[in-house]
Amino acid sequence: MKYRLLSPGPTPVPERVLTAMANPIWHHRTPAFEATFQKCREGLAWLFQTKQEVLTLSCSGTGAFEACYQSLLSPGDTVITVNGGKYGERWGKMAQAFGMSAVVVDCPWGEAISVAAVEQALAAHPNAKAVVVCASETSTGVRHPYEAIAKLVAARPKCLMMVDAITALGVWDISPERDGIDVLVTGSQKALMLPPGLAFVTLSDKAWAMADESKNQRYYFDLKKERKNQKLNQTSYTPAVSLVEGLHEALRMMQEEGLERMFARHARLAAATRKGVQAIGLELFAKAPADSVTSVLQPAGIKPDAVYKGLMNRANVTIAGGQDAVKGKIFRIAHLGYYDELDIITVLAATEIILRQEGYTSFTPGAGVGAASEVLAAGFVNHKSDARAAAVVQG
Ligand SMILES: Cc1ncc(COP(=O)(O)O)c(C=O)c1O
């Protein structure tokens, strides 16, 4: 069977991007590379909706987060982290690894963090240097209220609002300046439609000022040094040149679609997936679902991980299962990046078949697909008659 990837990272890479990455390798200290890198810098500023520099790092998202801790904070600093899933938990552990003190605000998996709980933590730790929140906690499928938390942090001149937007940037409308985000991190293998290997960071003026005071150890990841070099269309060390070629093409594709239509597509695919699984009689795991990934509780009475494993082993569809406390109990269908309406129809149809094979039969075959297709119909438009698409095609 055809291989289909619907995991929340890595996500599928469009043919155009794959082809661009198959080009001969440019040497990075050449005008040709610099011209491409400049276009990427411009495209990233557009995608991130920022006037600040967006730095491109050759690492995964975790590496970019480490770069921020290393370049902005100091040993002994207090960092408030929101822990409602695997990634929120990671940022607390990472702070401790750098000799910082992590104040962890817990919330049950599947729920969004209470803003009041973060406010209390800030009141109890007025010297905190950062609040770290996942915009989209991929392990649970929850969207946390980072905008409301940012308002609390904005009033504190020595505290940074750090947002893990690794599965949020490109999915919905995020603007660091408008939303009060001081540190925004994302990775290539998510909505940016690239393979793993690049990560992106943008910082506010407040964060750059903190960089002047930071005493954490660093060498390879030095954001001040990167900014100086990247403004000249260079990187401090050898970049992942093929991925930069791919990034250039992926940004062109995103610009052809336009931000508004891109966000609307993600919202539509997410709404359709949620409606579809609910029409099969399943329950959403996330109480405040993000538009990047839909997490679903497996029905009672079937084997742990039956849907995730059934899809992988019998339909050649890779989605994601649950982790830690919800291992075997939930499955997660991604719809961030290079996905369209028919991908959602396909994964819902396959899920229905697997569920029936596993003995869960209390739904009418096609119920999920039918419910989803009502939402997805809005995406069936005549793209050829669209003025913006036509302009792009004609160059
Ligand atoms: C919300 C979130 N944060 C952090 C990470 C870690 O990123 P990476 O695996 O690129 O290091 C991921 C990866 O899935 C993620 O989804």
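Whatever order the structure lists ligands and atoms in, that order sets their numbers, starting from 1. All residue numbers in this chain count up from 1 along the given sequence. If you're wondering where the values come from, they're calculated on a predicted model, not measured in any experiment.
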Could you tell me if R332 sits above the aromatic ring of Y308, with its cationic atom closer than 6.0 Å to the ring centre and no more than 45 degrees from the axis?
no
Cation over ring face, R143 and W172, 6.0 Å, 45°
yes
For the pair Y220 and Y237, name the ring-plane relationship: parallel under 30°, tilted 30 to 60°, perpendicular over 60°.
parallel
H335 NE2 to D340 CG distance, which is reported to the nearest 0.5 Å
13.5 Å
With side chain to side chain donor-acceptor pair (under 3.5 Å) as the test, would you mind laying out the steps for T235 and Q230 before giving the verdict?
CA-CA 5 Å; T235 51; Q230 296 199 9; 5.9 Å; no
Between W91 and F65, how do the two ring planes meet: parallel, tilted or perpendicular, split at 30° and 60°?
parallel
Exactly which residues line ligand 1, taking a heavy atom under 4.0 Å from it as the test?
S60, G61, T62, Y87, R90, W91, S136, T138, D164, I166, T167, Q189, K190
